[in-house]
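For reference, the structure discussed in these notes is given below.
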Amino acid sequence: MTSPVRVRIAPSPSGHLHVGTARAALYNWLFARHHKGTFVLRIEDTDKTRSEEQYVDSIQASLTWLGLNWDEGPVFQSQRGDVYDRYVEKLRHSDSVYPCYCTPDELAAKREQQLADKAPVRYDGHCRDLTPEQRTSYEEEGRPAALRIRIPEGETSYQDLVYGEMKRPNDELDDFICVRADGTPTYNFACVIDDHDMGMSHVIRGNDHQVNTFKQIQIYRALDLEPPRFAHLPLILGPDGSKISKRHGATSVTEFESMGYLPHTMVNFLALLGWSPGDDREVMTRDEIIESFSLERVNPSNPVFDQQKLQWLNGEHIRRMNPNDLINALRPHLVDAGLTTPLEIETRWAWMLEVVTAMQERLHLLTDMVTQGAYFFTDDFRYDEKGVKKQFRREGAIDALKGLAQAFGNIPDSEFTKERTETALRELAESTGEKPARYIHPLRLALTGMTGGPGIFDVVTILGRARCLDRIQQAIHFIENLPPVEAESGS
RNA sequence: GUCCCUGUCGUCUAGCCCGGUCUAGGACACCGCCCUUUCACGGCGGCAACACGGGUUCGAAUCCCGUCAGGGACGCCA
């Protein structure tokens, strides 16, 4: 690559950042970073009816969250009217365009007719070769004119960096509208203007733009400009094999954020969705991905978005995290769930480290800390039903807990360590001739409400003496008040 | 309907350009076993694919053609 790499992502603010757009952004970003180029953010907000301010913010927030920092922008198309005017003027004087007086209604009617006739849907060329008299006549009728490009004979081709040689006969391209009757450029024209004006070297975008690329190349030609290099990305599919959309579940980056995914998981996963480094590496750091990234290795077939693999990958990255960073990542989720406050986290950092270390290898989602570790933060939890049946209803459960209460109670608070509590429990078991498990399982249920979790003595020491004794008493009380098991009844 | 793209385990993929090293490799998921106070992690093992049909060739997942299937695009939206 001789000229400096300049690429962009150009979302339109009609919704939150979609995973498909996020991936396009990522591949542009990776390409830019790999080649030490420039990544630009451009907001395509010319459709006022669909664009919303909140989404402009949301999209930027999501890109930032993902760590896809842009070097220039955001550039708003809505603020570039004068730039477009200049190019519209330039195009107007080109003989590659002609005024079209057909009204949108007339065109829509023709389109429907063609569809009904099962004919190719094309512009019929009604205004392509109007005589000066006809034009004057339309003008006098007061019909506003849009500007159509006159596609010449021949074929249009380009070298796609992912798909290779692409070409199609020009008669399959339409004389499409470049400038609306109100003088504003349509998407394809605005896109060309911006990409050229902003000095884009490569345009990397979704496969759904392949036809636009041919059209845009014709605009570059009409304007006598050098087109950039193009690369198209396969489209992400949902589990049912159709283009991923809301009905497949989560599709926007913010949703994944609130579900408890790490930004780097999304980056890593999206990078692997359609691209591979060529070896067996899957769990990769950002730098490794940048280092190995190339468009040549993008797989041209459409991948299916697999949430299970995403979740696995999230677990991998959580396990690889520094516990301090993990606390920070966990914070919003814990706070949102009302389990703690930022201040509390700050002031009990050492204790948080213990909690996080105990839970780290068990988390797949950050929100798992809320669903599986709430008991570290609150006494307000229920006992697992199956656990109650198996542990609390068992003969001798109360005695076991009473024994533990006494054994733990005998340990001074200052000596309430993992070693001491474990020894105490094992000695208790030995003295009664029971297996340690007879004590461990009811204890876990009493302390956490759950049947699984970190090593029990980790839990015991993290909770501390007072809370342990308290919860053991609670459990004893609970068991004593358990209703008798009812015979199976149909009521 | 027209045009375009794609087609390796259920899913993500390596291999394909430069045919033999592929009895097709890895990962997720799933199923066993091991580790273990539980859950998870980890380890070991298993299941499972070159869409189909023709060519070309001594030899094809790899090259060519066709069929089929999936996806996308057909706006004075972006």
Side-chain angles (χ1 to χ4, degrees), chain A residues 10-14 44-47 49-51 77 100 102-104 107-108 111 114-123 144-148 160 162-164 166-169 172-174 176-182 184-188 190-191 206-212 214 232 234-235 237 239 241-243 269 272-283 296-297 299-313 315 319 359-364 368 372 387 422 425-426 429 435-441 443-445 448 450-457:
Chain A
S12 80
S14 53
E44 310 219 321
D45 57 349
T46 50
D47 188 340
T49 58
R50 290 192 208 180
S51 299
Q77 283 193 324
C100 173
C102 302
T103 66
L107 293 169
R111 219 175 353 250
Q114 288 170 333
L115 228 35
D117 295 346
K118 299 181 189 282
V121 179
R122 308 253 171 82
Y123 175 58
L147 229 49
R148 275 187 194 274
D160 194 291
V162 170
Y163 288 92
M166 301 290 289
K167 69 176 146 197
R168 93 177 354 203
E172 280 166 19
L173 255 37
D174 235 349
F176 59 94
I177 290 173
C178 292
V179 182
R180 299 189 186 94
D182 67 2
T184 60
T186 56
Y187 165 72
N188 277 310
C191 187
N207 208 332
D208 45 349
H209 283 285
Q210 262 178 173
V211 180
N212 287 329
F214 291 101
H232 290 91
L235 263 22
L237 269 27
S242 66
K243 190 171 162 182
F269 182 76
L272 254 24
L273 207 58
W275 171 84
S276 94
D279 48 42
D280 288 340
R281 285 178 297 161
E282 293 202 295
V283 185
E296 290 73 44
R297 292 209 55 86
N299 184 334
S301 62
N302 300 340
V304 172
F305 193 96
D306 181 7
Q307 277 228 37
Q308 282 189 311
K309 188 152 187 176
L310 179 66
Q311 204 171 96
W312 163 78
L313 191 60
R319 265 169 256 135
M359 290 295 287
Q360 188 160 16
E361 67 187 18
R362 274 159 256 268
L363 303 177
H364 290 97
D368 286 345
Q372 293 167 28
E422 176 157 7
L425 184 143
R426 292 193 186 279
K435 283 182 170 179
R438 287 280 185 168
Y439 291 89
I440 287 172
H441 294 308
L443 176 61
R444 175 182 300 283
L445 190 62
T448 71
M450 302 182 130
T451 55
I456 190 62
F457 302 105

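Chain identifiers are assigned alphabetically (A, B, ...) following the order of the sequence lines, protein sequences preceding nucleic acid strands; residue numbering begins at 1 within each chain.
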Subject >> Candidate pair A/Asp208 and A/Lys243, rule salt bridge (charged side-chain N to carboxylate O under 4.0 Å, His left out), full reasoning >> reply: CA-CA 10 Å; A/Asp208 45 349; A/Lys243 190 171 162 182; 3.7 Å; yes
Original post:
Which part of the nucleic acid, if any, lies within reach of A/Pro11 when heavy atoms closer than 4.0 Å are counted: base, sugar-phosphate only, or nothing?
Top reply: nothing
Original post:
A/Lys167 side chain N/O closer than 4.0 Å to the phosphate oxygens (OP1, OP2) of B/C4?
Top reply: no
**OP:** Could you check how far CZ of A/Arg122 sits from P of B/C74, rounded to whole Å?
**Re:** 14 Å
**OP:** With heavy atoms under 4.0 Å as the rule, sort A/Thr184 into base, sugar-phosphate or nothing.
**Re:** nothing
Original post:
A/Val211 has a side chain; which of B/A73, B/U37, B/G10 sits nearest to it?
Top reply: B/A73
**OP:** Determine the interatomic distance between C1' on B/G43 and the same-named atom on B/A51; round to the nearest Å.
**Re:** 37 Å
Subject >> Nearest-neighbour nucleotide for the A/Tyr163 side chain, B/U11, B/G71, B/C5 considered >> reply: B/C5
Original post:
What about A/Lys309: does its side chain form a donor-acceptor pair under 3.5 Å with the base of B/A27?
Top reply: yes
Original post:
Are OP1 or OP2 of B/G42 and a side-chain N or O of A/Arg319 less than 4.0 angstrom apart?
Top reply: yes
Subject >> Minimum-distance nucleotide (side-chain atoms of A/Tyr187 versus B/C3, B/A27, B/A78) >> reply: B/A78
Original post:
Please give, in whole Å, the distance from B/C12 P to A/Glu282 CD?
Top reply: 13 Å
**OP:** For B/C77, give its Watson-Crick or G-U wobble partner with both distances under 3.5 Å, or none.
**Re:** none
Original post:
Is any side-chain N of the basic residue among A/Arg180 and A/Asp182 closer than 4.0 Å to the acidic one's carboxylate O?
Top reply: no
Original post:
So, is A/Arg297 close to the B/C17 phosphate, meaning a side-chain N or O under 4.0 Å from OP1 or OP2?
Top reply: no
Original post:
Short question: side chain of A/Thr186, backbone of A/Ile177 - any donor-acceptor pair under 3.5 Å?
Top reply: yes
Subject >> Out of B/U13, B/U6, B/C3, whichever nucleotide has its closest atom nearest the side chain of A/Pro300 >> reply: B/U6
Original post:
Just by distance, do the side chain of A/Asp306 and the backbone of A/Gln308 share a donor-acceptor pair under 3.5 Å?
Top reply: yes
Subject >> Sugar-phosphate, base or nothing in reach of A/Pro436, heavy atoms under 4.0 Å >> reply: nothing
Subject >> Given B/C76, B/U37, B/U6, the nucleotide with the shortest approach to the side chain of A/Ser301 >> reply: B/U6
**OP:** Look through every strand shown and name the nucleotide pairing with B/A40 as Watson-Crick or G-U wobble, where both distances are under 3.5 Å.
**Re:** none
**OP:** Find the distance A/Met450:CE to B/U37:C1' and express it as a whole number of Å.
**Re:** 17 Å
Subject >> Separation of the C1' atoms in B/U38 and B/G45, to the nearest angstrom >> reply: 24 Å
Original post:
Could you state the CG-C1' distance from A/Leu313 to B/G26, rounded to the nearest angstrom?
Top reply: 15 Å
Original post:
Within the structure shown, what part of the strands sits under 4.0 Å from A/Ala437 by heavy-atom distance: base, sugar-phosphate, or nothing?
Top reply: nothing
Original post:
If you pin A/Asp45 and A/Asp306 to their nearest nucleotides in RNA chain B, which one's is more 5'?
Top reply: A/Asp306
Subject >> Opposite nucleotide pairing with B/U21, Watson-Crick or G-U, both atom distances under 3.5 Å >> reply: none
Subject >> Mate of B/C30 where both pairing distances stay under 3.5 Å, Watson-Crick or G-U >> reply: B/G46
Original post:
Just checking A/Gly278: base, sugar-phosphate only, or nothing, at a heavy-atom cut-off of under 4.0 Å?
Top reply: sugar-phosphate
Subject >> Protein-nucleotide distance (A/His441, atom NE2; B/U37, atom P), rounded to Å >> reply: 9 Å
Subject >> Rounded distance (Å) that lies between atom P of B/C39 and atom CG of A/Leu443 >> reply: 16 Å
Original post:
Checking all strands, does A/His232 fall into the base, sugar-phosphate, or nothing category for heavy-atom contacts under 4.0 angstrom?
Top reply: nothing
**OP:** Determine the interatomic distance between P on B/U67 and the same-named atom on B/U2; round to the nearest Å.
**Re:** 13 Å
Subject >> Closest listed nucleotide, where the reference is the side chain of A/Ile177 and the choices are B/C76, B/G71, B/U11 >> reply: B/C76
**OP:** Measure from the side-chain heavy atoms of A/Arg180 and tell me the nearest of B/A73, B/U37, B/C76.
**Re:** B/C76
Original post:
Is the phosphate of B/G75, meaning OP1 or OP2, less than 4.0 Å from a side-chain N or O of A/Arg111?
Top reply: yes
Original post:
Can A/Ser301 and A/Asn299 be counted as having a side-chain donor-acceptor contact under 3.5 angstrom?
Top reply: yes
**OP:** May I ask you to verify if any side-chain N or O of A/Thr451 is less than 4.0 angstrom from the OP1 or OP2 atom of B/U38?
**Re:** no
Original post:
So what does A/Lys435 hit on the nucleic acid, given a heavy-atom distance under 4.0 Å: a base, only sugar-phosphate, or nothing?
Top reply: nothing
Original post:
Is B/C68 paired to anything, Watson-Crick or G-U wobble with both distances less than 3.5 Å, and if yes, which nucleotide?
Top reply: B/G7
Subject >> Integer-rounded Å distance: B/C39 C1' and A/Glu361 CD >> reply: 10 Å
**OP:** Tell me what A/Gly455 touches on the nucleic acid: a base, only sugar-phosphate, or nothing, going by heavy atoms under 4.0 Å.
**Re:** base
Original post:
Could one point to a donor on the side chain of A/Arg168 or the base of B/C4 with an acceptor on the other under 3.5 Å away?
Top reply: no
**OP:** Apply side-chain contact (heavy atoms from CB on, under 4.5 Å) to A/Arg362 and A/Asp368, showing your working.
**Re:** CA-CA 8 Å; A/Arg362 274 159 256 268; A/Asp368 286 345; over 6 Å; no
Subject >> Gap in Å between the two C1' atoms, one belonging to B/A61 and one to B/G20, rounded >> reply: 13 Å
Original post:
Under 4.0 Å between a side-chain N or O of A/Asn299 and OP1 or OP2 of B/U6?
Top reply: no
Original post:
When you compare B/C64 with B/G19, how far apart are their C1' atoms, in angstrom units rounded to a whole number?
Top reply: 13 Å
**OP:** Determine the contact category for A/Cys191: base if any of its heavy atoms lies under 4.0 Å from a base atom, sugar-phosphate if only primed atoms, P, OP1 or OP2 are that close, otherwise nothing.
**Re:** nothing
Subject >> A/Asp160-A/His232 side chain donor-acceptor pair, cut-off 3.5 Å >> reply: yes
Original post:
Once you round it to whole Å, what is the distance between P of B/G71 and NZ of A/Lys243?
Top reply: 12 Å
Subject >> B/A78 and B/G15, which share atom name C1', separated by this distance in whole Å >> reply: 38 Å
**OP:** Look at the side chain of A/Asp208 and decide which nucleotide, out of B/G72, B/A78, B/A40, has an atom nearest to it.
**Re:** B/G72
Subject >> Whole-angstrom distance between B/C31 and B/U23, as gauged at atom C1' >> reply: 24 Å
**OP:** Would you tell me if any nitrogen or oxygen in the side chain of A/His209 comes within less than 4.0 Å of OP1 or OP2 on B/G72?
**Re:** no
Original post:
B/A78, B/C5, B/G75: which one has an atom nearest the side-chain heavy atoms of A/Val121?
Top reply: B/G75
**OP:** Remember a base hit wins even if backbone is also touched, and classify A/Ile456 as base, sugar-phosphate or nothing at under 4.0 Å, heavy atoms.
**Re:** base
Subject >> Nearest-angstrom distance, P atom, B/C44 to B/U11 >> reply: 26 Å
**OP:** Could you tell me whether A/Glu44 and A/Arg50 make a salt bridge, using a distance below 4.0 angstrom between a side-chain N and a carboxylate O?
**Re:** no
Original post:
What about the rings of A/Tyr187 and A/His209, do their centers lie closer together than 6.0 Å?
Top reply: yes
**OP:** List the steps and the verdict of side-chain contact (heavy atoms from CB on, under 4.5 Å) for A/Phe305 and A/Leu237.
**Re:** CA-CA 6 Å; A/Phe305 193 96; A/Leu237 269 27; over 6 Å; no
